Amino acid sequence: MTDNPDDDALQGAHLDTLAVRAGIARTLEGEHAEPIFLTSSYVFDSAADAAARFAGNAPGNVYSRYTNPTVRAFEQRIAALEGAEQAVGTASGMAAILSTCMALLKSGDHVVCSRNVFGTTVNLFSKYLAKFGVEVSFVPLLAIDAWRAAIRPNTAMLFLETPSNPLCEVADLAAMSALARANDCLLVVDNCFCTPALQTPLALGADIVVHSATKYLDGQGRCVGGAVVGAARHMEEVVTFLRTCGPTMSAFNAWVFLKGLETLRLRMEAHSRSALELAGWLQQQSAVERVFYAGLPDHPGYELACRQQRAFGGVLSFTVKGEQQQAWDFIDAVRIMSLTANLGDAKSTIVHPATTTHGRLTPQDRASAGVTDNLIRIAVGLEHVGDLQADLQRGLAALA
Ligand SMILES: *Cc1c(COP(=O)(O)O)cnc(C)c1O
């Protein structure tokens with residue numbers, strides 16, 4: 001392998017350039033596209049070399065649970081995009097969150113977590129970390145006083161997602177970073193919805209970014225993966241956990257994500273442009289009660305999103321006049337959008353949060369998350385926006 005021939009030229013390059021070129025290391029074949037190293041293990045030059053690599057005294061790969069050149073290329077690219085010292089690829093987004101917690105928390109620590117995070121993240125904290133003596137308090141994303149009040153002497157981590165799912169609430173990352181710093185704890189941000197194309201939490205003071213690469217980093221719904229991004233001293237701990245416990249990213253998936261990242265900014269702009277157009281249009285429909293999208297000037301998070309994000313993202317939600325039945329009738333009438341809970345795909349998706357993604361919450365928790373029975377979430381894909389609007393019109397027609 002040779003080092004990236006472009007490394008020096010990439011210093012200070014724009015996100016678009018880094019997304020295409022960061023992390024490239026060519027083999028002696030001189031291939032132009034990134035190679036996939038589908039190998040579980042590596043051979044050594046000599047017994048002495050094997051001993052040195054095993055001991056960590058010589059560079060070079062040993063085993064793909066530890067390092068793999070394709071995964072490393074993905075890690076270098078995502079680190080460059082997030083403006084981080086280092087990134088670590090993981091088997092899934094949940095593995096990224098688990099690895100962060102296992103590496104940086106210990107029994108007796110306390111976590112304050114936004115109530116408005118991915119449902120499985122809630123379960124990870126409340127079911128599994130709790131079992132190992134890590135306590136967690138859940139607070140509403142935007143209630144900074146509640147965060148402050150929940151912090152204890154043993155609080156080690158604040159965890160949040162912004163914008164939130166499904167109501168697109170926007171947390172003030174600079175203010176949350178200041179709160180974390182003042183209390184000597186880490187701020188961990190799940191940046192899945194914006195991706196570094198739209199928002200870079202580390203630049204606003206967050207300590208660690210986690211990703212589900214499954215969503216927009218892939219962008220075409222092919223592979224499951226994740227990443228943890230941050231300072232080298234934290235990533236060292238995450239790497240040690242991954243090497244020991246094994247939720248590493250596969251080389252094949254890393255290759256798919258590398259190719260996905262090349263078009264990340266173009267895709268995020270297109271998702272955002274169409275979502276904004278559809279949000280504005282939905283707002284004018286008489287069968288629609290309310291639209292939740294931070295790109296709408298009447299959304300409470302609009303001004304903050306304008307300051308903190310480069311665009312508003314592809315996910316929006318809205319309530320229809322009526323109850324669950326009207327929401328279901330709407331969803332069953334659309335023909336182009338896929339009825340699936342996934343997001344971050346070229347294909348638009350539509351889902352009824354109250355009976356799917358948020359179905360396991362108690363009715364009270366669902367109510368406090370703002371997930372009413374008449375709420376519908378769409379993740380706007382890359383189809384022509386006019387066709388998507390016509391599809392939503394089918395949903396509206398079902399309510400007439
Ligand atoms: C999907 C998702 C995750 C989990 O990622 P997986 O790759 O499915 O494990 C975490 N956070 C958010 C915001 C997600 O949308």
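First listed ligand is number 1; within each ligand, the first listed atom is number 1. Note that the coordinates shown come from a computational prediction; the quantities given were computed from them, not determined experimentally. Only this structure's heavy atoms are used, side chains among them; waters, hydrogens and symmetry mates stay out.
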Heavy-atom donor-acceptor pair, N116 side chain to S164 backbone, under 3.5 Å = no
When you check the gap from the basic side-chain N to the acidic O, do R265 and E269 get nearer than 4.0 Å?
-> yes
With sequence neighbours excluded, tell me which residues meet side-chain hydrogen bond (donor to acceptor under 3.5 Å, both in side chains) with Q326.
-> none
Taking the six-membered ring for Trp, are the ring centroids of H299 and F312 within less than 6.0 Å of each other?
-> no
So, R72 versus N61: side-chain donor-acceptor pair below 3.5 Å or not?
-> yes
Can you produce the list of protein nitrogen or oxygen atoms under 3.5 Å from a nitrogen or oxygen of ligand 1, alongside each distance?
{"unit_1": "ligand 1", "atom_1": "5 (O)", "unit_2": "S212", "atom_2": "OG", "d": "3.0"}
{"unit_1": "ligand 1", "atom_1": "7 (O)", "unit_2": "G93", "atom_2": "N", "d": "2.8"}
{"unit_1": "ligand 1", "atom_1": "7 (O)", "unit_2": "S212", "atom_2": "OG", "d": "2.8"}
{"unit_1": "ligand 1", "atom_1": "7 (O)", "unit_2": "T214", "atom_2": "OG1", "d": "2.6"}
{"unit_1": "ligand 1", "atom_1": "9 (O)", "unit_2": "G93", "atom_2": "N", "d": "3.1"}
{"unit_1": "ligand 1", "atom_1": "9 (O)", "unit_2": "M94", "atom_2": "N", "d": "2.9"}
{"unit_1": "ligand 1", "atom_1": "11 (N)", "unit_2": "D190", "atom_2": "OD2", "d": "2.6"}
{"unit_1": "ligand 1", "atom_1": "15 (O)", "unit_2": "K215", "atom_2": "NZ", "d": "2.6"}

Under 3.5 Å: donor-acceptor pair, side chain of S348, backbone of V380 = no
